[in-house]
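By convention here, the first residue in the shown sequence is residue 1. Reckoned from all heavy atoms, side chains included, excluding hydrogens, waters and symmetry mates.
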Amino acid sequence: MPRKHGLGGGNGKVVEYEDGSAGYIPTMSFTQAFRVQIADVTGFSVTKSGKMLTRQFNVLGNGTLLGTAEVNHGTAEVIENWFRSHPEFGANQPAPANGAAPSSPASVADEIAKLGELRSQGLLTEDEFATQKAKLLAG
């Protein structure tokens, strides 16, 4: 039986299936925008869309576009957090050829850049930004 995970007001929901896949259903929609294997997901990207307050949210797996959805401003981060917190996230990522440990999904600089973007969009206050930045730099 699929499990539905509400993402909060206006953010839609993620439906998790027994086969290890998950689909995103936007608010006020009855159909999935995408459905992907959670273990195949290794990253995300967000770009501006043609509409004023929406973004194009892309789900990536080892350099391949697995799924995409047009989402409300701020929803991309909520969906990304859901996937990253799932125990199967990135489980199918291939091991590096040289035997080195896999690199982290995002560097500290990338995370600080994301925080800066959230601050510039008005989603984080200056104090919230500074606190989160300090946590990242502390390790």
Side-chain angles (χ1 to χ4, degrees):
M1 187 82 181
R3 291 189 309 165
K4 296 178 182 177
H5 304 272
L7 301 176
N11 293 321
K13 62 186 158 208
V14 171
V15 179
E16 184 178 3
Y17 296 92
E18 293 174 0
D19 67 356
S21 66
Y24 171 69
I25 302 175
T27 300
M28 304 299 289
S29 179
F30 297 106
T31 59
Q32 295 179 112
F34 63 80
R35 182 172 172 178
V36 298
Q37 288 295 124
I38 300 166
D40 291 342
V41 178
T42 59
F44 308 91
S45 70
V46 180
T47 57
K48 291 183 180 179
S49 72
K51 296 180 185 173
M52 183 94 157
L53 295 175
T54 62
R55 302 289 182 263
Q56 191 69 30
F57 177 70
N58 302 303
V59 181
L60 308 172
N62 296 319
T64 303
L65 180 63
L66 301 176
T68 188
E70 188 170 301
V71 298
N72 293 329
H73 183 73
T75 300
E77 292 82 4
V78 177
I79 300 169
E80 179 176 346
N81 288 338
W82 186 91
F83 273 94
R84 287 191 184 277
S85 67
H86 197 283
E88 292 181 40
F89 173 75
N92 288 343
Q93 185 171 354
N98 63 5
S103 62
S104 64
S107 71
V108 171
D110 291 337
E111 294 298 319
I112 292 172
K114 284 183 184 179
L115 290 171
E117 185 177 323
L118 292 172
R119 178 186 58 185
S120 68
Q121 295 170 352
L123 297 173
L124 284 179
T125 66
E126 191 65 41
D127 289 339
E128 291 169 328
F129 171 79
T131 300
Q132 295 300 319
K133 180 180 172 185
K135 285 181 184 178
L136 287 169
L137 293 174

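- Thr64 places no side-chain N or O within 3.5 Å of a backbone atom of Leu66 that could act as its donor or acceptor partner.
- Minimum interatomic distance between Gly67 and Phe34 (heavy atoms only, all atoms of both residues): CA-CB, 3.8 Å.
- Considering every non-hydrogen atom in both Phe129 and Gly116, the closest pair reads CE1-N, 3.5 Å.
- Put simply, the side chain of Gln37 reaches to within 4.5 Å of the side chain of Asp19, judged on heavy atoms.
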* For Ile25 and Phe30, what are the C-alpha separation, side-chain angles and deciding distance, and is it a side chain to side chain contact (heavy atoms under 4.5 Å, CB included)? -> CA-CA 7 Å; Ile25 302 175; Phe30 297 106; over 6 Å; no
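- You'll find the side chain of Ile79 stays beyond 4.5 Å of the side chain of Phe44, heavy atoms only.
- Annotation: the span from Leu53 atom CG to Asn72 atom CG amounts to 8.0 Å, rounded to 0.5 Å.
- In plain terms, the two heavy atoms of Pro2 and Val15 that are nearest each other are CB-CG1, 3.6 Å.
- Atom-to-atom distance recorded for Arg84:CZ and Glu77:CD is 11.5 Å, nearest 0.5 angstrom.
- Interatomic distance, Thr54 OG1 to Lys48 NZ, rounded to the nearest 0.5 Å: 11.5 Å.
- Under the 4.5 Å side-chain contact rule for hydrophobic residues, Val71 and Leu7 share a cluster.
- With hydrogens and angles disregarded, a donor-acceptor distance shorter than 3.5 Å links the side chain of Thr42 to the backbone of Asn62.
- Here the shortest heavy-atom pairing between Arg3 and His5 reads O-CD2, 3.6 Å.
- Contact of the Val46 side chain with the Lys114 side chain is not registered, since no non-hydrogen atoms from C-beta on lie closer than 4.5 Å.
- For Asn92, the side chain to side chain donor-acceptor pair (under 3.5 Å) partners are Asp40, not counting sequence neighbours.
- A heavy-atom distance below 4.5 Å is not found between the side chains of Val59 and Tyr24.
- In this structure, CZ on Arg55 lies 13.0 Å from OG on Ser45, to the nearest 0.5 angstrom.
- Summarising the geometry of Gln32 relative to Tyr17, their closest heavy-atom pair is OE1-OH, 3.1 Å, with the distance given to 0.1 Å.
- Judged as a ring pair (Phe, Tyr, Trp, His ring centres under 6.0 Å), and not counting sequence neighbours, the contacts of His86 are Trp82.
- Atom CD of residue Glu18 and atom CE of residue Met1 lie 9.0 Å apart, to the nearest 0.5 angstrom.
- Residues satisfying the side chain to side chain donor-acceptor pair (under 3.5 Å) criterion with Gln56, sequence neighbours excluded, are Thr68.
- With hydrogens and angles left out, the side-chain atoms of Thr125 and Asp127 include no donor and acceptor closer than 3.5 Å.
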